[in-house]
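Please read the structure below before turning to the comments.
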Amino acid sequence: MEYRRVKDQESYDAISQKDIESPDGRSLSSTAATSPLGTAGGSKGKNSWKQKSIVTIALTLLTSSQAILIVWSKRAGKYEYSVTTANFSVEALKCLLSLLALYRTWNSQGVTEDNRLSTSFDEVSVYPIPAALYMVKNLLQYYIFAYVDAPAYQILKNLNIISTGVLYRIILKKKLSEIQWAAFILLCAGCTTAQLNPSSDHVLQTPIQGWMMAIVMALLSGFAGVYTEAIIKKSPSRNINVQNFWLYIFGMLFNLVAICVQDFDAVMNKGFFHGYSFITLLMILNHALSGIAVSMVMKYADNIVKVYSTSVAMLLTAIVSVFLFGFNLSLAFFLGSTVVSISVYLHSVGKPQQQK
């Protein structure tokens, strides 16, 4: 027992040095330490350059195509498929991928106390709260496109940086540097600038409903991410894939409830996969792989790569939307996205230095 306490404390200190969040808000602070992807020696020399290039391109493409695939999956302005079943499918696929990664760990390291699936009620009982928050947030991302386009969504979803940072300060008592507070102000200014609409009587392109949904999504994502971070730090030596598995299991359960409440008749009469198209399947695969891509970035690259990918993804989304959806790439959007990119960078490099 004494050895386990010492091990947990060492792991906790390592995790405390780095706070990372995936696209869906999931904290990935311990991913680099426990992920089965790759080896420690693979980040050197030529392999390091290749790995950084591959994961950077992968994360950029996945991030930039998320909103595009959701909008593209619509037919005549509405979803022909059930968004609750799509959300369930994403959670199920992520659960399967976590199990496959865990299976690789069992083959290489054997089954240990830290990577076994069997657990106690006290450990599992903490996962329903973040799972429920993520379920609501992920469902809202389908409905927000009634008020925003794909490029605007890519801009506005960066608001979760503010909610996460403020909640870290309030709940986990983490200090924010002056640079990070300034980055929050820049981020708000950039989001607003990107939405300016000088050719209309309305000052902002996105209506108040879109802004409110974006803020709610940011709050849900931020709170769920902070809560999950607290869970990881409670048992820092626990394998990340085990933690992911239980989180996704509860995500599947909550989405089953959502299916029964919202789409039960449609699913029973038309089938679970009614209305699914090739684009819908690509969208589900995209959402499931995005979190893994972030894990690989933190394993083989660094946080600056994630910032770079986020910035390039905003521009790529806008360019692709010009051809697919007739998006107007205005000067206001370009300036706003530039300010947002700078603010994301400042928030990343402006973390308070750890005192040794």
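This is a predicted model, so every value here is computed, not measured. We use all heavy atoms of the structure for the numbers below, so side chains are in, but hydrogens, waters and symmetry mates are not.
A donor-acceptor pair under 3.5 Å links the side-chain atoms of S108 to the main chain of T105, judged by distance alone. Between the side chain of N107 and the main chain of R104, no donor-acceptor pair closer than 3.5 Å is present. Remark: side-chain polar atoms of Y79 are paired, donor with acceptor, to backbone N or O of Y142 under 3.5 angstrom. A donor-acceptor contact shorter than 3.5 Å links the side chain of N115 to the backbone of G110. Of the possible donor and acceptor atoms, none in the side chain of S221 sits under 3.5 Å from a partner among the backbone N and O of M217.
Looking at L117 and F245, their side chains come closer than 4.5 Å, going by heavy atoms from C-beta outward. Looking at heavy atoms from C-beta onward, S321 lies in side-chain contact with I68 at the 4.5 angstrom threshold. E91 has its side chain within reach of N138: a pair of non-hydrogen atoms, C-beta onward, lies under 4.5 Å apart. Taking 4.5 Å as the limit, every side-chain heavy atom of Y127 sits out of range of all side-chain heavy atoms of I249. Taking the side chain as every heavy atom from C-beta outward, Q141 and H287 approach each other to under 4.5 Å. Residues N239 and L102 have side chains in contact (heavy-atom distance under 4.5 Å, counting atoms from C-beta outward). Counting heavy atoms from C-beta outward, Y103 and N241 have side chains that stay 4.5 Å or more apart. When side chains are defined from C-beta on, I231 counts as touching P130, because their heavy atoms get closer than 4.5 Å.
To the nearest 0.5 angstrom, L69 atom CG is 11.0 Å from L281 atom CG. Atom CG of residue L247 and atom NZ of residue K94 lie 7.5 Å apart, to the nearest 0.5 angstrom. A distance of 10.5 Å separates CG of L139 from CG of L220, quoted to the nearest 0.5 Å. One distance of note links CG of L62 with CD1 of I57; it measures 11.5 Å at 0.5 Å rounding. Of the inter-residue distances, the one linking E80 atom CD with K74 atom NZ reads 12.5 Å to the nearest 0.5 angstrom. Atom OG in S343 sits 13.0 Å away from atom CD1 in I179 (nearest 0.5 Å).
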Subject >> Residues V320, S64; criterion side-chain contact (heavy atoms from CB on, under 4.5 Å); working and verdict >> reply: CA-CA 9 Å; V320 174; S64 60; over 6 Å; no
**OP:** Quick one: do S277 and T280 satisfy side-chain contact (heavy atoms from CB on, under 4.5 Å)? Show the steps, please.
**Re:** CA-CA 5 Å; S277 64; T280 308; 3.1 Å; yes
Subject >> side-chain contact (heavy atoms from CB on, under 4.5 Å) between I284 and Y276, worked out >> reply: CA-CA 10 Å; I284 292 172; Y276 277 47; 3.6 Å; yes
Subject >> side-chain contact (heavy atoms from CB on, under 4.5 Å) evaluation trace for N244 with L97 >> reply: CA-CA 10 Å; N244 280 338; L97 293 173; over 6 Å; no
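Using a 30° and 60° split on the angle between ring planes, Y153 and F145 fall in the tilted class, from 30° to 60°. Between W181 and F184, the ring planes lie perpendicular to each other; the angle is over 60°, past the 30° to 60° tilted range. Between F250 and W246, the angle of the ring planes lies from 30° to 60°, which puts this pair in the tilted group. Relative ring orientation between Y227 and F223 is described as tilted, the plane-to-plane angle lying within the 30° to 60° band.
Closest approach of E113 and R238 over heavy atoms only: O-NH1, 3.4 Å. When all heavy atoms of G190 and V340 are compared, the pair lying nearest together is C-CG2, 3.6 Å. Nearest approach of G210 to I144, heavy atoms of both residues: O-CD1, 3.9 Å. The shortest non-hydrogen separation linking C95 to M252 is CB-SD, 4.1 Å. Residues A318 and P151 come closest through the heavy atom pair CA-CG, 3.8 Å. Contact record, Y81 with A86: CE1-CB, 3.9 Å, taken as the closest heavy-atom pair.
Counted by atom type alone, S341 and T338 present zero donor-acceptor pairs between their side chains at under 3.5 Å. For S98 and Y248, the side-chain atoms include no donor-acceptor pair closer than 3.5 Å.
Linking Ile, Leu, Val, Met, Phe, Trp and Tyr whenever their side-chain heavy atoms come within less than 4.5 Å leaves F334 and L156 in two separate clusters. Under the 4.5 Å side-chain contact rule for hydrophobic residues, I185 and L159 do not share a cluster. L253 and V124 fall within the same hydrophobic cluster, where Ile, Leu, Val, Met, Phe, Trp and Tyr residues are linked whenever their side-chain heavy atoms come under 4.5 Å apart, directly or through other members. Residues V71 and F278 fall within the same hydrophobic cluster, defined by Ile, Leu, Val, Met, Phe, Trp and Tyr side chains chained together at heavy-atom separations under 4.5 Å. Note: the hydrophobic cluster containing I319 does not contain L335 (ILVMFWY, side chain heavy atoms under 4.5 Å, direct or indirect links).
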Can you give me every donor-acceptor pair (side chain of residues 259-268, partner residue at least two apart or in another chain, under 3.5 Å) with its distance?
from: Q262; atom 1: NE2; to: Y143; atom 2: OH; distance (Å): 2.6
from: D263; atom 1: OD2; to: S82; atom 2: OG; distance (Å): 2.7
from: D263; atom 1: OD2; to: T84; atom 2: OG1; distance (Å): 2.6

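The only member of T193, L186, L187 that meets side-chain contact (heavy atoms from CB on, under 4.5 Å) when paired with V339 is L186.
With sequence neighbours excluded, the residues satisfying side-chain hydrogen bond (donor to acceptor under 3.5 Å, both in side chains) with S65 are N286.
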